[in-house]
Amino acid sequence: MAVAVPMAEATRRFTSEPRKLLIGGEWRAALSGKTFETYDPATGAVLATVAEGDAQDIDLAVAAARRALDGPWGRLNPSERGRIVHRIGDLIMEHADELAELESLDNGKPKAVAAAADIPLAADLFWYMAGWATKLNGGTINPSVPYMPGAEFHAYTLREPVGVVGQIIPWNFPLLMAAWKLGPALTTGCTVVLKPAEQTPLSALRLAELMLEAGVPDGVVNVVPGYGETAGAALAAHPDVDKVAFTGSTEVGKLIAQTATGNLKRVSLELGGKSPNIVFSDADVDAAIAGAAQGIFFNQGEVCSAGSRLYVQEDQFDRVVEGISTAASNIKVGHGLDPSTEMGPLVSQEQFDRVTRYLSIGEQEGNRATAGGSAIEGDGWFVQPTVLVDATADHTIVREEVFGPVIAAMPFSDVDDLARQANDSAYGLAAGVWTRDISKAHLLAKKIKAGTVHINSYHVFSAELPFGGYKQSGWGREMGEEVLNNYMETKSVIVGL
Ligand code: NAI
Ligand code: MG
């Protein structure tokens, strides 16, 4: 799959120079002098060289973040802080085309998708969060103290930044995940050490340049690319980090939670999923087919909330499977910079190996592909959009997160048992329900154990809506007002009168 259009001048400039770490407002090489490479997943060719941070660089970055917290950042008033956060959103949109191209080249996703979704969502997150900077108030409280009869108090709460935050993010929405993390941290007055995924560090590094341009003071945001087992683990373990925020695999999420017990730093986790998408016979079936296809194939299926378990009421099963299989077969897979591309390659050789391994396990366990079912021959890490049937609740493809364009479709007859089936998972991130019966939809929404339930829609993300998981899909929520609690401590102040 050859590159259809050449990269723009800005992208060429950014990728042709070795990229450095940002620590204390300075761009520097890793102390070890090491570098690593990122690849264009559509060709497997080297895209850029990046400084490889490890534990020593994390130490420097944490120290810089601590100094910045105690320094000018902490002294800015909320309005000033909010305006800086807002300006980050403005600068993202001023550089939208460049960021979309960088994201496409580093991750593989179509540039058009990045331009329509990732980039504006990232900007909007900063704009939304900026407004909260001036509204983070505590309250006045009237205490009743049984053992101090007649005593009077004036009491109030203060909401303070939690402090120095370590943020570890994945490769599926590199810029957007950076925004989800940085937006609330900056708004609440925290300082940050961000470790982007080793597969896709480029857009976070470009964002860091834009943040300095927006007026974020030196040391407030430090960016240290590197590997998870070295830089990531050092950040999660660091005794001078007050909070760690992580998005990625459930497996690593558990490691982070364990590591964080060292200094009992605060932890928020946004982890994997195996989300059910449920189609009732009384749904607008064509809309459900389109929604189910988008629910799994968007972003190559590399979405934590992908609707990867499709439950269809028996009498519509064949029609829905045929519809989604046709949709899968019609998806134009190719290089992300080709404007006609609808789906790109998977992010890495490792992810390609994982997804193709799941396809062979599915085959062994008796799952049948009605569309796709294998890798695409040639350069790059391409996999066919795949629909599998003849799957049951105990099959690997129904239980484990594939994180690729693979959906398992299953018929259901017993409506009373449906919530149990939907909840039969270690995960609880998202769900979809397609029906014209509003009571049925809302009743099912109450029964589903997931952080997001879509009704007659799927993959609706917005800065206003809290997002996160029940069960092993994580701890805490991203976005909305709710995420702010992850980044603040509440202090009660009591005055005896
Ligand atoms: P991962 O969880 O290993 O990587 C995510 C981030 O964690 C990266 O920045 C990585 O460098 C870092 N990391 C890895 N090991 C670490 C450690 N010991 N300590 C601290 N940080 C560490 O995910 P990976 O290996 O890239 O993908 C494996 C699977 O994880 C995927 O197939 C998918 O199922 C799931 N995943 C889920 C994501 C989500 O959005 N919930 C995002 C990415 C992956
Ligand atoms: Mg990993």
Side-chain angles (χ1 to χ4, degrees), residues 249-251 271-280 288-289 292-293 295-298 300-325 327-329 346 350-375 383-434 444 447-450 458 469-473:
S249 62
T250 292
E251 184 193 350
L271 309 175
K274 191 75 205 178
S275 299
N277 208 347
I278 299 162
V279 182
F280 287 99
I289 290 168
I296 187 66
F297 299 129
F298 171 62
Q300 301 74 239
E302 295 169 327
V303 186
C304 49
S305 53
S308 52
R309 290 186 285 147
L310 182 63
Y311 295 94
V312 185
Q313 201 158 7
E314 242 173 1
D315 59 337
Q316 293 296 323
F317 184 70
D318 291 344
R319 177 177 165 198
V320 170
V321 168
E322 195 191 321
I324 191 169
S325 302
S329 306
L346 298 178
E350 187 188 356
Q351 195 59 21
F352 174 87
D353 292 343
R354 275 178 81 93
V355 173
T356 50
R357 184 170 54 82
Y358 277 117
L359 291 175
S360 12
I361 293 174
E363 206 178 333
Q364 283 158 31
E365 293 184 358
N367 308 141
R368 180 168 55 87
T370 56
S374 46
V383 171
Q384 293 174 329
T386 296
V387 180
L388 298 176
V389 295
D390 300 340
T392 55
D394 56 327
H395 283 163
T396 306
I397 213 77
V398 180
R399 307 213 69 80
E400 295 187 19
E401 179 173 58
V402 175
F403 226 65
V406 183
I407 192 167
M410 293 161 283
F412 71 86
S413 49
D414 183 356
V415 174
D416 295 332
D417 189 45
L418 192 57
R420 188 200 57 78
Q421 287 186 60
N423 290 331
D424 180 18
S425 172
Y427 298 111
L429 197 55
V433 178
W434 299 84
L444 191 55
K447 287 184 190 160
I448 289 177
K449 296 198 186 325
Y458 208 86
Y470 283 41
K471 300 193 270 183
Q472 293 190 37
S473 290

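Counting begins at 1 with the first residue of the sequence.
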Please walk me through it: do E302 and L346 pass side-chain contact (heavy atoms from CB on, under 4.5 Å)?
CA-CA 8 Å; E302 295 169 327; L346 298 178; 3.4 Å; yes
Among I324, V320, L310, exactly one meets side-chain contact (heavy atoms from CB on, under 4.5 Å) together with V387. Which residue is that?
I324
Can you check whether I448 reaches I278 side chain to side chain, under 4.5 Å on heavy atoms?
yes
Distance, nearest 0.5 Å, that separates NZ of K447 from CZ of R420:
13.0 Å
Would a 4.5 Å heavy-atom cut-off, applied to side chains only, mark T396 and Y358 as touching?
yes
When S305, P276, S473 are each screened for side-chain contact (heavy atoms from CB on, under 4.5 Å) with Y427, the one that passes is S473
Taking all non-hydrogen atoms of both residues into account, name the closest pair between S325 and T370 and its distance.
OG-OG1, 2.7 Å
If every non-hydrogen atom of L271 is compared with every non-hydrogen atom of C304, which pair is closest and at what distance?
O-CB, 3.6 Å
Going through the distances and angles, do E365 and T392 end up as a side-chain contact (heavy atoms from CB on, under 4.5 Å)?
CA-CA 10 Å; E365 293 184 358; T392 55; over 6 Å; no
Does V355 form a side-chain contact (heavy atoms from CB on, under 4.5 Å) with T386? I'd like the steps, not just the answer.
CA-CA 11 Å; V355 173; T386 296; over 6 Å; no
Between F317 and Y311, does the ring centroid distance fall short of 6.0 Å?
no
Do you see a donor-acceptor pair shorter than 3.5 Å between the side chains of T250 and Q472?
no
Minimal non-hydrogen separation, G404 against I296, with atom names
O-CD1, 4.0 Å
More than 12 heavy atoms of other groups within 6.0 Å of E363 CD:
no
Could you check whether atom NZ of K449 has more than 12 heavy atoms from other residues, nucleotides or ligands sitting under 6.0 Å from it?
no
Testing the basics here: between R309 and S425, what is the closest heavy-atom pair and its distance to 0.1 Å?
NH2-CB, 3.6 Å
Are a donor atom and an acceptor atom from the side chains of S308 and E401 found within less than 3.5 Å of each other?
no
Say you draw a straight line from CG of L418 to CZ of F280; how long is it, rounded to the nearest 0.5 Å?
5.0 Å
Do V312 and W434 have side-chain heavy atoms sitting under 4.5 Å apart?
no
Compare every heavy atom of A371 with every heavy atom of S329, then report the nearest pair and how far apart it is.
OG-CB, 3.8 Å
Closest non-hydrogen contact found for A391 with I397 is CB-CG2, 4.2 Å
Quick check: do K274 and L429 have side-chain heavy atoms less than 4.5 Å from each other?
no
Is a donor on one side and an acceptor on the other found under 3.5 Å between the side chain of N367 and the backbone of H395?
no
F412/E314 under side-chain contact (heavy atoms from CB on, under 4.5 Å): CA gap, chis, key distance, verdict
CA-CA 5 Å; F412 71 86; E314 242 173 1; over 6 Å; no
Has the side chain of R399 got a donor or acceptor atom that lies under 3.5 Å from a matching backbone atom of A393?
yes
Got a donor-acceptor contact below 3.5 angstrom from the S275 side chain to the G307 backbone?
no
